[in-house]
Amino acid sequence: MKVYLINPRFQPTIWSFEGLQPLTGTRFSTTPLGLATVAALTPRPWEVEIADENVEDINFENPADLIAISAFNVQYHRALEIIEKFRKLGKKVAVGGPYNSLFPEAFEGKCDYRIVGEAEEIWPEFLRDFEQGTPRELYRATGKVDVRKSPVPRYDLIRGDRYNMFSLQTSRGCPFNCEFCDIIVMDGRVPRTKTVEQVLVEVDHCVKQGAHYIVFGDANFIGNISFARELLKGLADYSKKNGYPIEFSCELTINVAHHPDLLELFQAANFYSLFVGIETPRRASLVESGKLQNTRENVLEDIKRIHSYHITVVAGMIVGFDADDKKIFKEHYDFLQELGIPFTTCGTLMALPNTPLMKRLKVEGRLLDLEWAEMNGHGSSDCNFVPKNMTLKELHQGYNWLSRCLYRYDSYGDRLVTALNRFRNLNPEHKRASLDFKFTYLLFKLLAYYLLTFDLERMKFFAGTFWRVAKGGPFSVSKWLEFFRWIATHRAFRKYVTETQGVPEGQDPKKPPFEEAGDFEDPKMKSTQIDRSPAAVASS
(Lines give C-alpha, C1' and ligand atoms only; values in the text may rest on other atoms or scores of the structure.)
Protein backbone atom coordinates (compact mmCIF):
# COMPACT_ATOMS: atom_id res chain seq x y z
CA MET A 1 0.00 0.00 0.00
CA LYS A 2 1.03 3.60 -0.52
CA VAL A 3 0.55 6.81 1.47
CA TYR A 4 0.92 10.25 -0.07
CA LEU A 5 1.99 12.82 2.56
CA ILE A 6 1.13 16.43 1.79
CA ASN A 7 2.23 19.75 3.23
CA PRO A 8 -0.22 22.42 1.95
CA ARG A 9 0.99 25.74 0.61
CA PHE A 10 1.59 28.52 3.13
CA GLN A 11 0.39 32.02 2.43
CA PRO A 12 3.24 34.57 2.38
CA THR A 13 4.44 35.60 5.85
CA ILE A 14 7.53 37.35 7.12
CA TRP A 15 8.89 33.84 7.80
CA SER A 16 8.58 32.80 4.15
CA PHE A 17 11.66 34.74 3.03
CA GLU A 18 10.15 34.89 -0.46
CA GLY A 19 12.24 37.95 -1.27
CA LEU A 20 15.35 35.77 -1.00
CA GLN A 21 14.37 33.48 -3.86
CA PRO A 22 16.00 35.56 -6.64
CA LEU A 23 19.27 35.48 -4.69
CA THR A 24 19.31 31.89 -3.41
CA GLY A 25 17.31 30.00 -6.01
CA THR A 26 15.45 28.18 -3.21
CA ARG A 27 11.65 28.03 -3.03
CA PHE A 28 10.85 27.87 0.69
CA SER A 29 12.45 28.51 4.06
CA THR A 30 12.42 25.18 5.96
CA THR A 31 11.93 21.50 5.26
CA PRO A 32 8.69 19.79 6.45
CA LEU A 33 9.97 18.09 9.60
CA GLY A 34 6.55 16.74 10.61
CA LEU A 35 5.96 14.89 7.36
CA ALA A 36 9.55 13.63 7.21
CA THR A 37 9.06 12.17 10.70
CA VAL A 38 5.70 10.60 9.80
CA ALA A 39 7.34 9.09 6.72
CA ALA A 40 9.99 7.52 8.95
CA LEU A 41 7.26 6.17 11.25
CA THR A 42 5.47 4.48 8.34
CA PRO A 43 6.17 0.72 8.55
CA ARG A 44 7.07 -1.56 5.70
CA PRO A 45 5.73 -2.64 3.29
CA TRP A 46 4.01 0.76 2.97
CA GLU A 47 5.39 2.95 0.21
CA VAL A 48 5.76 6.65 1.12
CA GLU A 49 5.86 9.79 -1.01
CA ILE A 50 6.07 13.39 0.25
CA ALA A 51 4.67 16.42 -1.59
CA ASP A 52 5.43 19.86 -0.18
CA GLU A 53 3.22 22.28 -2.08
CA ASN A 54 5.54 25.13 -1.10
CA VAL A 55 8.19 23.79 -3.47
CA GLU A 56 6.28 21.54 -5.89
CA ASP A 57 2.83 20.82 -7.30
CA ILE A 58 0.56 18.21 -5.74
CA ASN A 59 -0.14 15.23 -7.98
CA PHE A 60 -3.89 14.73 -7.66
CA GLU A 61 -3.60 11.64 -9.87
CA ASN A 62 -1.24 9.94 -7.45
CA PRO A 63 -2.27 6.25 -7.15
CA ALA A 64 -1.80 6.22 -3.36
CA ASP A 65 -4.24 4.23 -1.22
CA LEU A 66 -4.21 6.90 1.48
CA ILE A 67 -3.73 10.68 1.47
CA ALA A 68 -2.36 12.23 4.69
CA ILE A 69 -2.18 15.98 5.29
CA SER A 70 -0.43 17.94 8.02
CA ALA A 71 -1.36 21.59 8.57
CA PHE A 72 -0.79 24.64 10.74
CA ASN A 73 -3.72 27.00 11.29
CA VAL A 74 -2.61 29.26 8.42
CA GLN A 75 -2.73 26.27 6.05
CA TYR A 76 -6.26 25.34 7.08
CA HIS A 77 -8.24 26.64 4.10
CA ARG A 78 -5.79 25.28 1.56
CA ALA A 79 -5.86 21.94 3.38
CA LEU A 80 -9.66 21.85 3.06
CA GLU A 81 -9.39 22.49 -0.68
CA ILE A 82 -6.93 19.63 -1.07
CA ILE A 83 -9.05 17.30 1.05
CA GLU A 84 -12.18 18.06 -0.95
CA LYS A 85 -10.48 17.45 -4.27
CA PHE A 86 -8.99 14.11 -3.24
CA ARG A 87 -12.25 12.91 -1.68
CA LYS A 88 -14.10 13.73 -4.90
CA LEU A 89 -11.59 11.45 -6.61
CA GLY A 90 -12.53 8.67 -4.21
CA LYS A 91 -9.47 8.87 -1.98
CA LYS A 92 -9.47 8.43 1.78
CA VAL A 93 -7.89 11.38 3.57
CA ALA A 94 -6.32 11.54 7.04
CA VAL A 95 -5.39 14.82 8.73
CA GLY A 96 -2.84 15.44 11.47
CA GLY A 97 -0.37 18.11 12.40
CA PRO A 98 -0.30 21.10 14.76
CA TYR A 99 -3.69 22.69 14.07
CA ASN A 100 -5.62 19.43 14.12
CA SER A 101 -3.84 18.41 17.33
CA LEU A 102 -4.57 21.72 19.04
CA PHE A 103 -8.15 22.05 17.76
CA PRO A 104 -9.40 18.80 16.11
CA GLU A 105 -12.95 20.16 15.89
CA ALA A 106 -11.78 22.27 12.96
CA PHE A 107 -11.53 19.16 10.76
CA GLU A 108 -14.49 17.23 12.15
CA GLY A 109 -16.68 16.03 9.27
CA LYS A 110 -14.28 17.49 6.71
CA CYS A 111 -11.94 14.49 6.30
CA ASP A 112 -12.10 10.73 6.78
CA TYR A 113 -9.70 10.34 9.69
CA ARG A 114 -8.21 12.67 12.31
CA ILE A 115 -4.85 11.95 13.95
CA VAL A 116 -4.58 14.06 17.11
CA GLY A 117 -1.34 14.46 19.03
CA GLU A 118 2.16 13.09 18.69
CA ALA A 119 2.41 10.57 15.88
CA GLU A 120 5.02 8.11 17.16
CA GLU A 121 2.47 5.62 18.50
CA ILE A 122 -0.89 6.44 16.93
CA TRP A 123 0.27 6.72 13.29
CA PRO A 124 1.48 3.07 13.05
CA GLU A 125 -1.67 1.99 14.92
CA PHE A 126 -3.85 3.85 12.45
CA LEU A 127 -2.05 2.32 9.46
CA ARG A 128 -2.51 -1.21 10.87
CA ASP A 129 -6.23 -0.57 11.27
CA PHE A 130 -6.41 0.94 7.78
CA GLU A 131 -4.78 -2.16 6.29
CA GLN A 132 -7.33 -4.38 8.06
CA GLY A 133 -10.23 -2.21 6.94
CA THR A 134 -11.17 -1.15 10.47
CA PRO A 135 -9.87 2.43 10.90
CA ARG A 136 -11.55 4.75 13.38
CA GLU A 137 -12.44 8.32 12.52
CA LEU A 138 -10.47 9.73 15.47
CA TYR A 139 -7.12 8.67 16.88
CA ARG A 140 -5.90 10.61 19.90
CA ALA A 141 -2.50 10.18 21.54
CA THR A 142 -2.62 9.50 25.27
CA GLY A 143 0.23 10.67 27.43
CA LYS A 144 3.54 11.94 26.09
CA VAL A 145 5.73 9.80 23.87
CA ASP A 146 9.35 8.93 24.53
CA VAL A 147 11.07 11.01 21.84
CA ARG A 148 14.13 8.77 22.11
CA LYS A 149 12.06 6.29 20.08
CA SER A 150 11.42 8.82 17.32
CA PRO A 151 13.17 7.80 14.08
CA VAL A 152 15.49 9.79 11.82
CA PRO A 153 13.28 12.01 9.59
CA ARG A 154 13.12 10.78 5.98
CA TYR A 155 14.73 13.79 4.34
CA ASP A 156 15.89 11.47 1.57
CA LEU A 157 12.31 11.77 0.27
CA ILE A 158 12.48 15.53 -0.40
CA ARG A 159 14.43 17.88 -2.65
CA GLY A 160 16.72 19.49 -0.09
CA ASP A 161 18.14 22.00 -2.59
CA ARG A 162 14.75 23.74 -2.71
CA TYR A 163 14.93 24.88 0.93
CA ASN A 164 16.98 27.50 2.74
CA MET A 165 17.50 25.23 5.72
CA PHE A 166 16.70 21.81 7.16
CA SER A 167 14.73 21.46 10.38
CA LEU A 168 15.33 19.05 13.26
CA GLN A 169 14.03 18.68 16.81
CA THR A 170 15.99 17.62 19.89
CA SER A 171 13.27 17.96 22.53
CA ARG A 172 9.58 18.62 23.11
CA GLY A 173 8.05 20.68 25.87
CA CYS A 174 9.03 23.83 27.75
CA PRO A 175 9.34 24.36 31.53
CA PHE A 176 7.92 27.88 31.44
CA ASN A 177 4.27 28.88 31.56
CA CYS A 178 3.64 31.77 29.15
CA GLU A 179 -0.07 32.49 28.97
CA PHE A 180 -0.23 32.88 25.19
CA CYS A 181 1.83 29.81 24.25
CA ASP A 182 0.34 26.65 22.74
CA ILE A 183 3.49 24.57 23.25
CA ILE A 184 2.65 23.86 26.89
CA VAL A 185 -0.81 22.73 25.75
CA MET A 186 0.45 20.27 23.13
CA ASP A 187 3.88 19.20 24.40
CA GLY A 188 3.72 19.81 28.13
CA ARG A 189 5.99 21.62 30.56
CA VAL A 190 8.50 18.83 31.14
CA PRO A 191 11.09 18.79 28.33
CA ARG A 192 11.50 15.35 26.80
CA THR A 193 14.85 14.96 25.07
CA LYS A 194 16.37 12.69 22.48
CA THR A 195 19.83 11.28 23.08
CA VAL A 196 22.90 13.18 21.93
CA GLU A 197 23.86 10.27 19.67
CA GLN A 198 20.37 10.29 18.15
CA VAL A 199 20.58 13.99 17.27
CA LEU A 200 24.05 13.62 15.76
CA VAL A 201 22.80 10.82 13.51
CA GLU A 202 19.98 13.09 12.35
CA VAL A 203 22.39 15.95 11.71
CA ASP A 204 24.64 13.67 9.68
CA HIS A 205 21.64 12.47 7.68
CA CYS A 206 20.83 16.09 6.78
CA VAL A 207 24.43 16.76 5.78
CA LYS A 208 24.32 13.76 3.45
CA GLN A 209 21.13 15.19 1.89
CA GLY A 210 22.98 18.42 1.08
CA ALA A 211 22.08 20.60 4.07
CA HIS A 212 24.23 23.65 4.85
CA TYR A 213 21.96 25.12 7.52
CA ILE A 214 19.93 23.40 10.23
CA VAL A 215 17.37 25.08 12.48
CA PHE A 216 16.34 23.18 15.59
CA GLY A 217 12.58 23.48 15.96
CA ASP A 218 12.49 22.96 19.74
CA ALA A 219 10.22 25.36 21.60
CA ASN A 220 13.14 25.94 23.98
CA PHE A 221 16.51 24.43 23.05
CA ILE A 222 17.76 24.92 26.62
CA GLY A 223 14.58 23.74 28.36
CA ASN A 224 16.79 21.03 29.84
CA ILE A 225 20.11 22.83 30.34
CA SER A 226 22.10 19.73 31.26
CA PHE A 227 21.03 17.99 28.06
CA ALA A 228 21.66 21.13 25.99
CA ARG A 229 25.18 21.35 27.38
CA GLU A 230 25.99 17.75 26.43
CA LEU A 231 24.36 18.12 23.03
CA LEU A 232 26.33 21.28 22.23
CA LYS A 233 29.55 19.49 23.13
CA GLY A 234 28.56 16.71 20.74
CA LEU A 235 27.68 19.17 17.97
CA ALA A 236 30.95 21.02 18.50
CA ASP A 237 32.90 17.76 18.19
CA TYR A 238 30.94 16.76 15.10
CA SER A 239 31.52 20.15 13.48
CA LYS A 240 35.26 20.09 14.16
CA LYS A 241 35.74 16.51 12.95
CA ASN A 242 33.79 17.11 9.75
CA GLY A 243 35.15 20.52 8.77
CA TYR A 244 32.16 22.54 9.96
CA PRO A 245 29.69 21.42 7.26
CA ILE A 246 26.66 22.96 8.97
CA GLU A 247 25.63 26.24 10.55
CA PHE A 248 22.97 25.95 13.23
CA SER A 249 20.26 28.12 14.73
CA CYS A 250 17.59 27.47 17.36
CA GLU A 251 14.92 28.97 19.59
CA LEU A 252 15.50 29.41 23.31
CA THR A 253 14.91 31.65 26.31
CA ILE A 254 16.91 34.72 27.32
CA ASN A 255 18.44 32.96 30.33
CA VAL A 256 21.01 31.48 27.94
CA ALA A 257 22.90 34.75 28.47
CA HIS A 258 23.40 33.84 32.13
CA HIS A 259 25.43 30.74 31.20
CA PRO A 260 28.74 31.78 29.62
CA ASP A 261 29.76 28.16 29.16
CA LEU A 262 26.66 27.58 27.00
CA LEU A 263 27.46 30.61 24.86
CA GLU A 264 30.98 29.32 24.33
CA LEU A 265 29.56 25.97 23.27
CA PHE A 266 27.04 27.57 20.91
CA GLN A 267 29.88 29.36 19.17
CA ALA A 268 32.10 26.27 19.12
CA ALA A 269 29.27 24.21 17.62
CA ASN A 270 28.84 26.75 14.78
CA PHE A 271 25.57 28.41 15.79
CA TYR A 272 25.12 31.72 14.00
CA SER A 273 21.71 32.85 15.30
CA LEU A 274 19.40 32.40 18.30
CA PHE A 275 15.68 33.16 18.29
CA VAL A 276 14.66 34.63 21.66
CA GLY A 277 11.12 35.41 22.75
CA ILE A 278 11.77 38.86 24.20
CA GLU A 279 8.11 39.84 23.59
CA THR A 280 7.98 43.38 25.03
CA PRO A 281 9.98 46.15 26.73
CA ARG A 282 7.29 46.52 29.41
CA ARG A 283 7.75 44.58 32.61
CA ALA A 284 4.02 44.76 33.37
CA SER A 285 3.25 43.02 30.08
CA LEU A 286 5.76 40.27 30.83
CA VAL A 287 4.32 39.72 34.30
CA GLU A 288 0.78 39.67 32.92
CA SER A 289 1.69 36.98 30.37
CA GLY A 290 3.61 34.85 32.86
CA LYS A 291 6.94 35.38 31.09
CA LEU A 292 8.77 36.02 34.35
CA GLN A 293 12.06 34.63 33.07
CA ASN A 294 12.45 37.85 31.06
CA THR A 295 12.16 40.08 34.12
CA ARG A 296 15.06 38.76 36.18
CA GLU A 297 18.04 40.43 34.49
CA ASN A 298 18.85 43.38 32.22
CA VAL A 299 17.78 42.32 28.72
CA LEU A 300 20.09 44.82 27.01
CA GLU A 301 23.12 43.42 28.81
CA ASP A 302 21.94 39.89 27.99
CA ILE A 303 21.76 40.66 24.26
CA LYS A 304 25.15 42.38 24.32
CA ARG A 305 26.64 39.28 25.91
CA ILE A 306 25.15 36.99 23.26
CA HIS A 307 26.39 39.26 20.47
CA SER A 308 29.90 39.19 21.89
CA TYR A 309 30.07 35.48 21.07
CA HIS A 310 29.58 36.18 17.35
CA ILE A 311 25.91 35.16 17.52
CA THR A 312 23.08 37.35 16.26
CA VAL A 313 19.67 37.39 17.90
CA VAL A 314 16.25 37.16 16.28
CA ALA A 315 13.53 38.52 18.55
CA GLY A 316 9.95 37.43 18.95
CA MET A 317 8.04 40.61 19.87
CA ILE A 318 4.35 41.17 20.64
CA VAL A 319 2.13 44.23 20.96
CA GLY A 320 -1.39 44.16 22.38
CA PHE A 321 -0.98 42.91 25.93
CA ASP A 322 -3.47 44.25 28.45
CA ALA A 323 -0.70 46.38 29.99
CA ASP A 324 0.01 47.98 26.60
CA ASP A 325 -1.37 51.39 25.71
CA LYS A 326 -0.86 53.55 22.62
CA LYS A 327 2.69 54.48 23.64
CA ILE A 328 3.87 50.88 23.37
CA PHE A 329 4.69 51.10 19.67
CA LYS A 330 7.34 53.80 20.10
CA GLU A 331 8.68 51.92 23.12
CA HIS A 332 9.10 48.79 20.99
CA TYR A 333 10.89 50.69 18.25
CA ASP A 334 13.33 52.42 20.59
CA PHE A 335 13.91 49.19 22.52
CA LEU A 336 14.79 47.15 19.42
CA GLN A 337 17.05 49.87 18.06
CA GLU A 338 18.96 49.87 21.34
CA LEU A 339 19.12 46.07 21.50
CA GLY A 340 20.54 45.89 17.99
CA ILE A 341 18.29 43.09 16.75
CA PRO A 342 18.00 43.27 12.94
CA PHE A 343 15.16 40.75 12.45
CA THR A 344 12.11 40.65 14.67
CA THR A 345 8.88 38.72 14.11
CA CYS A 346 6.92 41.50 15.76
CA GLY A 347 3.19 40.87 15.65
CA THR A 348 0.00 41.52 17.56
CA LEU A 349 -1.04 39.23 20.40
CA MET A 350 -3.33 36.39 19.38
CA ALA A 351 -5.32 33.96 21.50
CA LEU A 352 -4.70 30.44 20.21
CA PRO A 353 -7.14 27.58 20.83
CA ASN A 354 -7.10 26.03 24.31
CA THR A 355 -4.31 28.29 25.61
CA PRO A 356 -4.62 29.94 29.04
CA LEU A 357 -4.91 33.30 27.25
CA MET A 358 -7.87 32.15 25.18
CA LYS A 359 -9.62 30.72 28.22
CA ARG A 360 -9.15 33.94 30.19
CA LEU A 361 -10.37 36.17 27.37
CA LYS A 362 -13.40 33.94 26.86
CA VAL A 363 -14.36 34.32 30.53
CA GLU A 364 -13.91 38.10 30.20
CA GLY A 365 -16.10 38.16 27.08
CA ARG A 366 -13.41 39.73 24.92
CA LEU A 367 -12.96 37.10 22.20
CA LEU A 368 -13.98 38.17 18.70
CA ASP A 369 -15.88 35.88 16.38
CA LEU A 370 -12.91 35.32 14.06
CA GLU A 371 -11.27 32.28 12.53
CA TRP A 372 -8.00 31.12 14.02
CA ALA A 373 -7.24 29.69 10.59
CA GLU A 374 -7.00 33.25 9.27
CA MET A 375 -4.45 34.31 11.88
CA ASN A 376 -0.80 34.53 10.81
CA GLY A 377 0.65 35.10 14.27
CA HIS A 378 4.26 36.30 14.37
CA GLY A 379 4.88 39.08 11.88
CA SER A 380 1.27 40.08 11.27
CA SER A 381 -1.35 42.45 12.65
CA ASP A 382 -3.97 39.79 13.33
CA CYS A 383 -5.79 39.99 16.65
CA ASN A 384 -8.83 37.95 17.68
CA PHE A 385 -9.88 39.75 20.85
CA VAL A 386 -10.75 43.24 22.08
CA PRO A 387 -7.62 45.01 23.44
CA LYS A 388 -7.86 46.55 26.89
CA ASN A 389 -6.17 49.95 26.63
CA MET A 390 -6.70 50.83 22.96
CA THR A 391 -9.18 50.09 20.22
CA LEU A 392 -8.61 47.33 17.70
CA LYS A 393 -8.19 49.99 15.03
CA GLU A 394 -5.54 51.75 17.10
CA LEU A 395 -3.71 48.46 17.58
CA HIS A 396 -3.64 47.92 13.81
CA GLN A 397 -2.55 51.50 13.20
CA GLY A 398 0.23 51.33 15.74
CA TYR A 399 1.41 48.02 14.40
CA ASN A 400 1.49 49.40 10.86
CA TRP A 401 3.68 52.30 12.02
CA LEU A 402 6.00 50.01 13.99
CA SER A 403 6.53 47.33 11.35
CA ARG A 404 7.24 49.89 8.64
CA CYS A 405 9.63 51.90 10.82
CA LEU A 406 11.57 48.77 11.75
CA TYR A 407 12.31 47.89 8.13
CA ARG A 408 13.23 51.32 6.84
CA TYR A 409 16.70 51.24 5.36
CA ASP A 410 18.13 53.52 8.04
CA SER A 411 16.49 51.76 11.01
CA TYR A 412 17.51 48.29 9.88
CA GLY A 413 21.03 49.43 9.08
CA ASP A 414 21.41 50.97 12.55
CA ARG A 415 20.36 47.73 14.27
CA LEU A 416 22.65 45.60 12.11
CA VAL A 417 25.64 47.83 12.78
CA THR A 418 24.91 47.82 16.52
CA ALA A 419 24.79 44.01 16.61
CA LEU A 420 27.89 43.33 14.52
CA ASN A 421 30.06 45.89 16.24
CA ARG A 422 29.52 44.00 19.50
CA PHE A 423 31.16 40.88 18.08
CA ARG A 424 34.31 40.05 20.01
CA ASN A 425 36.88 37.32 19.40
CA LEU A 426 36.18 35.46 22.62
CA ASN A 427 36.81 32.07 20.99
CA PRO A 428 39.24 31.13 18.21
CA GLU A 429 37.74 31.54 14.76
CA HIS A 430 36.72 28.39 12.96
CA LYS A 431 35.63 27.55 9.45
CA ARG A 432 32.05 28.47 8.63
CA ALA A 433 29.80 26.40 6.36
CA SER A 434 29.00 29.41 4.21
CA LEU A 435 32.54 29.68 2.82
CA ASP A 436 32.03 27.66 -0.35
CA PHE A 437 31.33 28.13 -4.05
CA LYS A 438 27.61 28.56 -3.47
CA PHE A 439 28.25 31.39 -1.01
CA THR A 440 30.58 33.10 -3.51
CA TYR A 441 27.87 32.91 -6.18
CA LEU A 442 25.25 34.31 -3.81
CA LEU A 443 27.63 37.08 -2.78
CA PHE A 444 28.04 38.09 -6.41
CA LYS A 445 24.27 38.25 -6.91
CA LEU A 446 23.86 40.17 -3.67
CA LEU A 447 26.43 42.79 -4.64
CA ALA A 448 24.77 43.15 -8.04
CA TYR A 449 21.38 43.68 -6.39
CA TYR A 450 22.60 46.43 -4.09
CA LEU A 451 25.19 48.16 -6.27
CA LEU A 452 24.13 47.63 -9.90
CA THR A 453 20.88 49.51 -9.46
CA PHE A 454 19.27 52.85 -10.16
CA ASP A 455 17.72 52.74 -6.68
CA LEU A 456 20.00 55.20 -4.90
CA GLU A 457 18.41 54.58 -1.50
CA ARG A 458 19.14 50.86 -1.75
CA MET A 459 22.73 51.53 -2.83
CA LYS A 460 23.22 54.08 -0.06
CA PHE A 461 21.84 51.63 2.51
CA PHE A 462 24.32 48.93 1.51
CA ALA A 463 27.38 51.15 1.19
CA GLY A 464 26.70 53.10 4.38
CA THR A 465 26.03 50.00 6.48
CA PHE A 466 29.10 48.26 5.04
CA TRP A 467 31.32 51.20 5.96
CA ARG A 468 29.98 51.52 9.51
CA VAL A 469 30.49 47.80 10.14
CA ALA A 470 34.01 47.96 8.69
CA LYS A 471 35.17 50.73 10.98
CA GLY A 472 33.52 49.48 14.16
CA GLY A 473 34.70 46.55 16.26
CA PRO A 474 37.43 44.00 15.50
CA PHE A 475 37.61 42.17 12.17
CA SER A 476 36.35 38.59 11.99
CA VAL A 477 35.20 36.31 9.21
CA SER A 478 31.98 35.40 11.00
CA LYS A 479 31.14 39.08 11.48
CA TRP A 480 31.23 39.67 7.73
CA LEU A 481 29.32 36.49 7.01
CA GLU A 482 26.59 37.78 9.30
CA PHE A 483 26.66 41.15 7.58
CA PHE A 484 26.03 39.62 4.17
CA ARG A 485 23.46 37.19 5.57
CA TRP A 486 21.34 39.88 7.19
CA ILE A 487 21.82 42.49 4.47
CA ALA A 488 20.51 39.89 2.00
CA THR A 489 17.64 38.84 4.24
CA HIS A 490 16.50 42.45 4.56
CA ARG A 491 15.37 42.19 0.95
CA ALA A 492 12.82 39.56 2.01
CA PHE A 493 11.67 41.49 5.10
CA ARG A 494 11.27 44.73 3.19
CA LYS A 495 9.34 43.03 0.39
CA TYR A 496 6.87 41.48 2.83
CA VAL A 497 6.33 44.66 4.86
CA THR A 498 5.91 46.77 1.73
CA GLU A 499 3.28 44.41 0.30
CA THR A 500 1.30 43.99 3.52
CA GLN A 501 1.74 47.27 5.40
CA GLY A 502 3.16 49.86 2.99
CA VAL A 503 6.51 51.34 2.00
CA PRO A 504 8.68 51.49 5.15
CA GLU A 505 9.90 55.02 4.46
CA GLY A 506 6.26 56.13 4.53
CA GLN A 507 6.48 56.16 8.33
CA ASP A 508 8.79 58.32 10.45
CA PRO A 509 10.28 56.90 13.68
CA LYS A 510 10.36 60.43 15.09
CA LYS A 511 6.61 60.82 14.59
CA PRO A 512 4.87 57.97 16.41
CA PRO A 513 1.13 57.51 15.97
CA PHE A 514 -1.49 59.02 18.27
CA GLU A 515 0.71 61.90 19.39
CA GLU A 516 -0.67 64.36 16.83
CA ALA A 517 -4.20 65.41 16.07
CA GLY A 518 -6.09 63.60 13.37
CA ASP A 519 -6.55 59.99 12.49
CA PHE A 520 -3.73 57.85 11.17
CA GLU A 521 -4.79 56.36 7.86
CA ASP A 522 -2.96 54.05 5.48
CA PRO A 523 -4.32 52.47 2.31
CA LYS A 524 -2.17 49.37 2.84
CA MET A 525 -3.41 48.75 6.38
CA LYS A 526 -5.81 45.83 6.77
CA SER A 527 -8.56 47.92 8.32
CA THR A 528 -11.13 45.22 7.55
CA GLN A 529 -9.45 42.48 9.53
CA ILE A 530 -12.36 42.18 11.94
CA ASP A 531 -14.72 41.73 8.99
CA ARG A 532 -14.14 37.97 8.78
CA SER A 533 -16.64 35.18 8.41
CA PRO A 534 -17.80 33.69 11.72
CA ALA A 535 -16.12 30.54 12.92
CA ALA A 536 -17.48 27.93 15.21
CA VAL A 537 -14.03 27.58 16.73
CA ALA A 538 -14.21 31.01 18.34
CA SER A 539 -17.30 30.15 20.34
CA SER A 540 -16.26 26.69 21.46
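Sequential numbering from 1 along the given sequence is applied to the chain's residues.
By the side chain to side chain donor-acceptor pair (under 3.5 Å) test, Asp334 is found to be paired with Lys330, residues two or more places apart in sequence or in another chain being considered. Under the side chain to side chain donor-acceptor pair (under 3.5 Å) criterion, His307 pairs with Arg422, sequence neighbours left out. Applying the salt bridge (charged side-chain N to carboxylate O under 4.0 Å, His left out) rule to Glu505 yields the partners Arg494; only residues at least two apart in sequence or on another chain are considered. Remark: Asp410 engages Arg408 in a salt bridge (charged side-chain N to carboxylate O under 4.0 Å, His left out) (not counting sequence neighbours). The ring pair (Phe, Tyr, Trp, His ring centres under 6.0 Å) search around Phe180 returns none, not counting sequence neighbours.
A cation-pi arrangement is absent between Arg305 and Phe423, since the terminal nitrogen or guanidinium carbon is not both under 6.0 Å from the aromatic centre and inside a 45° cone about the axis.
Classification of the Tyr412-His490 ring pair by plane angle, with boundaries at 30° and 60°, yields tilted. Ring geometry, Trp480 versus Phe484: the interplanar angle falls from 30° to 60°, so the pair is classed tilted. Using cut-offs of 30° and 60° on the angle between ring planes, the pair Tyr99 and Tyr76 is perpendicular.
For the pair Asp414 and Gln337, the minimum side-chain heavy-atom distance is below 4.5 Å.
The distance from the CZ atom of Phe343 to the CG atom of Leu406 is 11.0 Å, given to the nearest 0.5 Å. For the atom pair CD (Glu482) and OG (Ser476), the distance works out to 9.0 Å, reported to the nearest 0.5 Å. Atom CG of residue Asp52 and atom CZ of residue Phe10 lie 8.0 Å apart, to the nearest 0.5 angstrom. Here the CD1-CE distance, from Ile328 to Met317, works out to 8.0 Å after rounding to the nearest 0.5 Å.
By the 4.0 Å N-to-carboxylate-O rule, Arg159 lies close enough to Asp161 to be salt-bridged with it. A salt bridge between Glu247 and Arg485 is present, with a side-chain N of the basic residue lying under 4.0 Å from a carboxylate O of the acidic one. Ionic pairing of Lys460 and Glu457 is not present here: no N-O contact between side-chain nitrogen and carboxylate oxygen is shorter than 4.0 angstrom.
Closest of all the heavy-atom pairs between Pro8 and Asn54 is O-ND2, 3.4 Å. Here the closest heavy-atom approach between residue Phe385 and residue Leu392 is recorded as O-CD1, 3.7 Å. Scanning all heavy atoms of the two residues, the minimum distance from Phe321 to Leu349 falls at CD2-CD2, 3.8 Å.
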Give the C-alpha distance, both sets of side-chain angles, the deciding distance and a yes or no for salt bridge (charged side-chain N to carboxylate O under 4.0 Å, His left out) between Lys233 and Asp261. CA-CA 11 Å; Lys233 291 177 182 177; Asp261 66 314; over 6 Å; no
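Under the salt bridge (Lys or Arg N to Asp or Glu O under 4.0 Å) criterion, no residue pair touches residues 22-36, with sequence neighbours excluded.
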